Amino acid sequence: MSLPGNYLFSEIGKKVNVFSLQHPDAELIRMGIGDVTRPLVKAVIEAMHQAVFEMSVAETFRGYGPEQGYRFLIEKIIEKDFKSRGVNIQPEEVFVSDGCKSDMGNIGGLFAKENVVAVTDPVYPVYVDSNVMDGRGGDISVLGMWKNIVYLPCTKENGFIPALPEKPVDIIYLCFPNNPTGTTLTRPELKKWVDYALETGALILFDAAYEAFIAEKEVPHSIYEMEGAENCAIEFRSFSKTAGFTGIRCGYTVVPEKVAARTGSNKKVFLNALWNRRQTTKFNGVSYITQRAAEAVYSDEGMRQCKENIAYYMKNAAIIRDGLKQIGLEAFGGINAPYIWFKTPENMGSWTFFDRMLREIHVIGTPGVGFGPSGEGCLRLTAFGSREDTITAMERFQSWNV
Ligand code: PLP
């Protein structure tokens with residue numbers, strides 16, 4: 001394995017540090033990293049206080065909980081995230097965790113080294129790096145592409161809709177609403193992937209971390225809204241962006257009983273029992289306090305309050321999108337996701353434009369090429385900042401002679 005260091009974020013950090021040292025008075029606006037800034041909502045805080053109190057009393061104190069998560073949370077997840085959309089999920093198919101990144105990284109431990117993995121390009125780096133760590137990458141090319149991984153370009157030219165792989169694959173990572181492009185698939189577009197997986201025996205790993213940001217009716221919230229997906233897809237969810245839990249840590253993964261993967265000798269292995277075995281061996285569950293906090297996200301008050309925060313971020317997204325468009329830049333996403341992906345003027349390289357933004361208007365974005373070769377010539381901005389910073393950043397863009 002020859003996995004390089006995390007080039008993208010360390011490189012950004014280094015450049016920003018050097019610039020800050022040289023220009024201590026520059027007021028930097030950080031729109032690079034996708035972390036939330038709004039505090040936890042009242043309903044969540046109250047539930048956590050109550051849970052802390054319960055832990056202080058012998059009668060209600062809790063020690064180890066079930067590794068898969070407490071029933072009170074799993075039942076809420078099933079009712080509010082799935083039943084409400086006509087999807088039937090069994091409690092034994094839901095696994096509560098400390099977040100989606102861990103699950104997306106750990107799930108690879110179940111698969112054969114021989115499995116061929118497909119990812120969209122640009123892509124959330126965890127999918128690629130964790131597969132490389134598990135030995136499924138092969139050699140790396142000069143462009144930073146792994147020889148054994150199949151890359152599915154998502155660009156302006158194909159409307160950010162990946163084409164089906166041209167060669168057989170075993171595992172397909174899909175993330176919609178997408179990080180980094182902020183774009184989505186409609187139901188027929190996602191159905192095409194489910195049909196492909198059912199036809200070829202491939203497994204889909206569907207990352208729905210940004211589900212709560214979906215505003216348009218034609219965009220599916222869960223892959224299980226597609227007929228047959230319960231036979232070929234695992235879905236990953238997170239409370240990080242939905243409810244500001246990036247620091248609290250909670251998410252969950254749905255592994256339907258009927259979902260299987262191919263072994264190295266081309267046999268089928270069912271994944272629900274295997275994931276359960278993995279989790280009960282290597283994971284001891286999410287804290288009671290955190291799970292009560294997550295449960296509160298589903299209360300009427302909790303849902304209303306979280307929606308207010310999401311609306312706040314999505315107003316920022318609209319300000320960014322409109323601001324970029326007003327100065328003639330092509331911008332995508334930002335309607336069903338808190339990310340805006342834009343093309344640099346005159347096909348300037350991602351890093352060149354990143355440097356100019358930093359030096360000339362003191363705004364930090366993320367260079368698109370850091371997410372994969374198809375991201376070259378693009379940048380990502382996030383809508384997770386404060387309103388004030390977002391407006392100031394866009395004012396700087398407006399008065400910038402780019
Ligand atoms: N999946 C995607 C696509 C993400 O962008 C992120 C976080 O940025 C995660 C997963 C991680 O989620 P969590 O905080 O639940 O680990």
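All of these numbers come straight from a predicted model, not from anything done at the bench. When a ligand or atom number is given, it counts from 1 through the structure's own listing order. Numbers here are sequence positions counted from 1.
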Per the side chain to side chain donor-acceptor pair (under 3.5 Å) rule, what does the pair list look like for residues 254-264, sequence neighbours excluded? D170-R262, T263-S265
Heavy-atom contacts under 4.0 Å to ligand 1, chain-then-number order, include exactly G99, C100, K101, Y124, Y127, C175, N179, D207, A209, Y210, S238, S240, K241, R249
L40 pairs by side chain to side chain contact (heavy atoms under 4.5 Å, CB included) with which of I45, V297, N309? I45
State which residues pass ring pair (Phe, Tyr, Trp, His ring centres under 6.0 Å) with Y127; sequence neighbours excluded, sorted by chain then number. Y124, Y173
For N178, what residues pass the side chain to side chain donor-acceptor pair (under 3.5 Å) criterion, not counting sequence neighbours? T181
If you measure from the Lys or Arg side-chain nitrogens to the Asp or Glu carboxylate oxygens, is any gap between K42 and E301 under 4.0 Å? no
Is the positively charged end of R292 above the ring of F72, judged by distance under 6.0 angstrom from the centroid and angle within 45° of the axis? yes
